[in-house]
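Notes to accompany the following structure.
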Amino acid sequence: MTGVQIMEMGKRYLMQNYAQLPLVITRGQGVRVFDAEGRCYLDFVSGIAVNALGHCHPKVVAAIQKQAEQLIHCSNLYWLEPPVVLAKELAVLSGLDRVFFCNSGAEANEAAIKLVRKYAYGRGIDNPEIITFTGSFHGRTLGTLAATGQEKFSLGFTPLPEGFRHVAFNNVAELKKAVGPQTAAIMLEPLQGEGGVYPATQELMDTLKELQERGILLVFDEVQCGLGRTGKVFAYEHYGVKPDILTLAKSLGGGLPIGAAVAREEVAAVFQPGSHGSTFGGNPVACAAAKAVLDVIKEDGLIEQAAGNGKYMKTRLTALQDRYPIKEVRGLGFLLGMEMDQPAGQLVSLCQEEGLLINCTAERVIRFLPPLITTREEIDEALEILEKALKKFFS
Ligand SMILES: *Cc1c(COP(=O)(O)O)cnc(C)c1O
């Protein structure tokens, strides 16, 4: 099919819940993707922070092929090697103890919410409440929409489950006022992604640590910021605070759908046979791909590389502020945001015309999520395109 035919068929047969750009991607290789006409683009979106190793990394492809030939699915009625091996790897990486596998970020957060509630009932808290923050994004299921502190996502989908209270992000005074006997957990992204690339302050994290010492669980949603994206394995390592429950998804499977809720022993123990489950959870192919992703990240030193190159990119973006009305450049590692003084969606199209894929979130924030493998030369190339686009945008 031609690109135009694909778009037309999509408009006829898919539910129109995405606002796709008029671009059909047919192939990817490393930091680049190709459209139906064979045009090449630098991909600084990475499938929304999914393709940490870029597109079609040979070791991920090989792991998928090998596992697909051996066993694609068999259910959680039996023991399978790939989820067991991956669970151990995640436990070692996080210093937490046990893992529940599912298929997406929202499901990982659903599992976290259920762990929190069951743990709270066991400790005599009736009607447990979870505090979350404004600007957060935790997923699109009804439970995670209730957790998400942005009303626009739940418009038209009420009633939502009860038991969530939203507090202004990084507002410690408001948080302390909101905590009460019913507070079972506080859930947050250490670095908010969807909400516009806002890192938590050290003050907030220090306060969370105090609350954790008083028995309130900390749930860190690292679905977007985890696994090396911020220049550390987990974003919480920047703050010296460790969660009781950690959720992961996006980059974990190298592009295959997988999510994980990781918890410390005492919390994980509330899940007993029958408590929770997922037919596809722990799928062997997805788990084999994830193991390959973690191996490559370690073997190739990609986290240190992303930390250094992310810093370089942030410095270059910040320098653009001398020439263009850019409000702020924020973020860590390869999760960077450039806040404009006006709606910035047009910049995405201008960059696309010149061969660079970027993303705009929270209306005015250009979000950069290059693969962890991105080199300085590729950053320079992207910055050259971005500057061309900025010139047109402001002319
Ligand atoms: C993307 C995202 C989710 C939801 O993940 P899905 O796989 O789309 O369900 C949850 N939390 C954060 C922080 C995310 O960025």
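Treat the numbers as computed from the prediction; the structure is a model and nothing was measured.
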Decide, yes or no, whether a salt bridge links E299 with K59 under the criterion of side-chain N to carboxylate O below 4.0 Å. yes
Distance, nearest 0.5 Å, that separates CD of E81 from SG of C287: 11.0 Å
Across all chains, not counting sequence neighbours, the side chain to side chain donor-acceptor pair (under 3.5 Å) partners of S46 are none
Rounded distance [0.5 Å steps], OG in S104 versus CG in L252: 12.0 Å
Taking the six-membered ring for Trp, are H73 and F280 parallel (under 30°), tilted (30 to 60°) or perpendicular (over 60°)? perpendicular
When you check the gap from the basic side-chain N to the acidic O, do E339 and K327 get nearer than 4.0 Å? yes
Non-neighbouring partners of L317 that pass side-chain contact (heavy atoms from CB on, under 4.5 Å), sequence neighbours left out: M313, L320, V329, L336, M338, F368, L383, L386
When every non-hydrogen atom of F394 is compared with those of M340, the smallest separation belongs to CZ-CE, 3.6 Å
Partner set under side chain to side chain donor-acceptor pair (under 3.5 Å) for Q20, not counting sequence neighbours: none
Can you check whether L332's main-chain N or O pairs, donor with acceptor, with R229's side chain at less than 3.5 Å? no
Sequence neighbours excluded - salt bridge (charged side-chain N to carboxylate O under 4.0 Å, His left out) pairs with any residue from residues 280-294: K291-D295
Ion pair present between R264 and E266, side-chain N to carboxylate O less than 4.0 angstrom? yes
Under 4.5 Å side-chain heavy-atom separation, chaining through any Ile, Leu, Val, Met, Phe, Trp or Tyr, what else clusters with M1? Say none if it is isolated. I6, M7, M9, Y13, V24
Value for CE (M187) from OG1 (T132), rounded to nearest 0.5 Å, stands at 7.5 Å
If you look at every heavy atom in F334 and P370, which pair is closest and at what distance? CD2-CG, 3.4 Å
What pairs with L155 under side-chain contact (heavy atoms from CB on, under 4.5 Å), at least two apart in sequence or on another chain? E151
Residue pairs passing the side chain to side chain donor-acceptor pair (under 3.5 Å) test with at least one member in residues 176-188, sequence neighbours excluded, are none
Rounded distance [0.5 Å steps], CD1 in I258 versus CG in N103: 8.0 Å
Under the side chain to side chain donor-acceptor pair (under 3.5 Å) definition, can you give me all pairs with a residue in residues 303-319, not counting sequence neighbours? N309-R376, Y312-D380, R316-D380
Just verifying a value: how many Å separate Y324 OH and L390 CG, rounded to the nearest 0.5 Å? 6.0 Å
Enter the distance from F44:CZ to C351:SG here, rounded to the nearest 0.5 Å. 10.5 Å
Residue list, side chain to side chain donor-acceptor pair (under 3.5 Å) with R32, at least two apart or on another chain: E381
Please enumerate all residues that pass side-chain contact (heavy atoms from CB on, under 4.5 Å) together with A63, with sequence neighbours excluded. A292
Establish, from distance only, whether the side-chain atoms of N51 and S251 form a donor-acceptor pair under 3.5 Å. no
Pairs involving residues 340-368, ordered by first then second residue, that meet salt bridge (charged side-chain N to carboxylate O under 4.0 Å, His left out) (sequence neighbours left out): E194-R367, E354-K388, E354-K392
Which residues satisfy the side-chain contact (heavy atoms from CB on, under 4.5 Å) test with V50, sequence neighbours excluded? K250
